[in-house]
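Input: a single structure, listed below in structure tokens.
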There are 2 protein chains.
Amino acid sequence: MFSKACEYAIRAVIYICHQSKNGERVGLKEIAKRTDSPEAFMAKILQKLVKNGIVSSLKGPTGGFVLDKEQQEKIRLVDIVYAIDGDNVFNGCGLGLRECSEEQPCPIHDKFKNIRNGLSKMLHQTTIHDLAEGLSTGTSYLRI
Amino acid sequence: MFSKACEYAIRAVIYICHQSKNGERVGLKEIAKRTDSPEAFMAKILQKLVKNGIVSSLKGPTGGFVLDKEQQEKIRLVDIVYAIDGDNVFNGCGLGLRECSEEQPCPIHDKFKNIRNGLSKMLHQTTIHDLAEGLSTGTSYLRI
DNA sequence: TTAATAAAGGACTTATTTATCCGTTATTTG
DNA sequence: CAAATAACGGATAAATAAGTCCTTTATTAA
């Protein structure tokens, strides 16, 4: 569904948000460890997230990554997916046909559209804030 | 959503089914052309489909690929996806966590489950026969 | 102001997916 | 039977995704 990079990205943002709510800034090492992802690869992903305004960062000692109040409330799953995987999740034909359209639909066009509309709706409705909440209440986990 | 190979596979099976209904056996070259896919790669994919009993094949002159009556009615999208992409579409965690479960769910577990259940249901309900029908009636297309 | 810290960024490697090439095997028709 | 045809199957190449390494830049605190 999502690329590996995108999965890591979502994990990271949820974790950073969770910690940001406690007023804690988190470093790369900690993020990689707590989200069970390769550190060097995570570094690249975090760079992209910062460039896209999804997370904020500070260099130097006591530096690290953080989600400010506005980011915590505004950032949705769709923003992360879009930043990392682009729009292919939302736009492409289910069978990979370039010419597929409402006028000249592929055989699975409508059925596929239903699924993707559901996915799109979910990604738009879900904020990081909501997801981080689960970590706080202990109803969801990023790693055991 | 699906791998390129899987997209090609679905296109091919729909096309073969469409032609099989007209009692026509189709060769690799024709399949590749009519589904706009690379011939050599399609050859590999067709081999896999034959091994999985999704399509039938005959060697030699007048040979080619065909869906017999039973295959036309029985084969569903899920069978093709499963044969080519395996079960990762249906089983994996949305965030790629190995330990994710109902007891220890990842933060997007339930939301993701909804989407995937919808996808799974669609793939199980949709037979190739249904999809090929659209080609016959001119309401859907594999290429312009 | 210097040492330590941590993110940024470029170059590179590894793994996987996608795609091609070519010889072999089976089948049909003359 | 011989020649042509078409799928089968193994090896290989190209492209993309995943992941690593190392140097530079910014910041903080002693």
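Predicted model only: the values in this text are computed from it and were never measured. A, B, ... follow the sequence lines: proteins, then strands. Residue 1 opens every chain.
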Nearest-nucleotide pick for [X], side chain only, options being [options]:
| X | options | answer |
| --- | --- | --- |
| A/Y8 | D/dG19, D/dA29, D/dC8 | D/dG19 |
| A/P61 | D/dA29, D/dA18, C/dA4 | C/dA4 |
| B/K4 | C/dA19, C/dA7, D/dA7 | C/dA19 |
| A/Q47 | D/dA7, C/dG9, C/dT27 | C/dG9 |
| A/F41 | D/dC8, D/dA18, C/dA19 | D/dA18 |
| B/K59 | C/dC21, C/dT25, D/dT20 | C/dT25 |

Is the shortest side-chain N/O distance from B/S57 to OP1 or OP2 of D/dC8 below 4.0 Å?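 Checking D/dC8 against B/S57, a side-chain N or O does come within under 4.0 Å of OP1 or OP2.
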Atom pair CD1 (B/I84) and OH (B/Y8), whose distance is rounded to the nearest 0.5 Å: 13.0 Å
Base of D/dG10, side chain of B/K44 - is there a donor-acceptor contact under 3.5 Å?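 When only heavy-atom distances are counted, B/K44 does reach the base of D/dG10 through a donor-acceptor pair under 3.5 Å.
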Side-chain donor-acceptor contact under 3.5 Å, A/T127 with A/D130: yes
Under a 3.5 Å threshold, yes or no: a donor from one side chain and an acceptor from the other, between B/H109 and B/E102?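 Per modelled atom types, B/H109 and B/E102 side chains form a pair under 3.5 Å.
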Closest approach of B/S136 to B/H18 (non-hydrogen atoms, all atoms of both residues):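 In this case the closest contact between B/S136 and B/H18 is OG-ND1, 3.3 Å.
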Protein-nucleotide distance ([X], atom [atom1]; [N], atom [atom2]), rounded to Å:
| X | N | atom1 | atom2 | result |
| --- | --- | --- | --- | --- |
| B/K29 | C/dT20 | NZ | C1' | 14 Å |
| B/L49 | D/dA7 | CG | P | 13 Å |
| A/L46 | C/dA8 | CG | P | 8 Å |

More 5' along DNA chain D: A/T62 or B/L58, using each one's nearest nucleotide?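 In this pair, the answer is B/L58.
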Contact class for B/K48 vs. all strands (heavy atom < 4.0 Å): base, sugar-phosphate, or nothing? nothing
With a non-hydrogen cut-off below 4.0 angstrom, is B/L28 in contact with a base, only sugar-phosphate, or nothing?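 Sugar-phosphate, backbone atoms only, no base.
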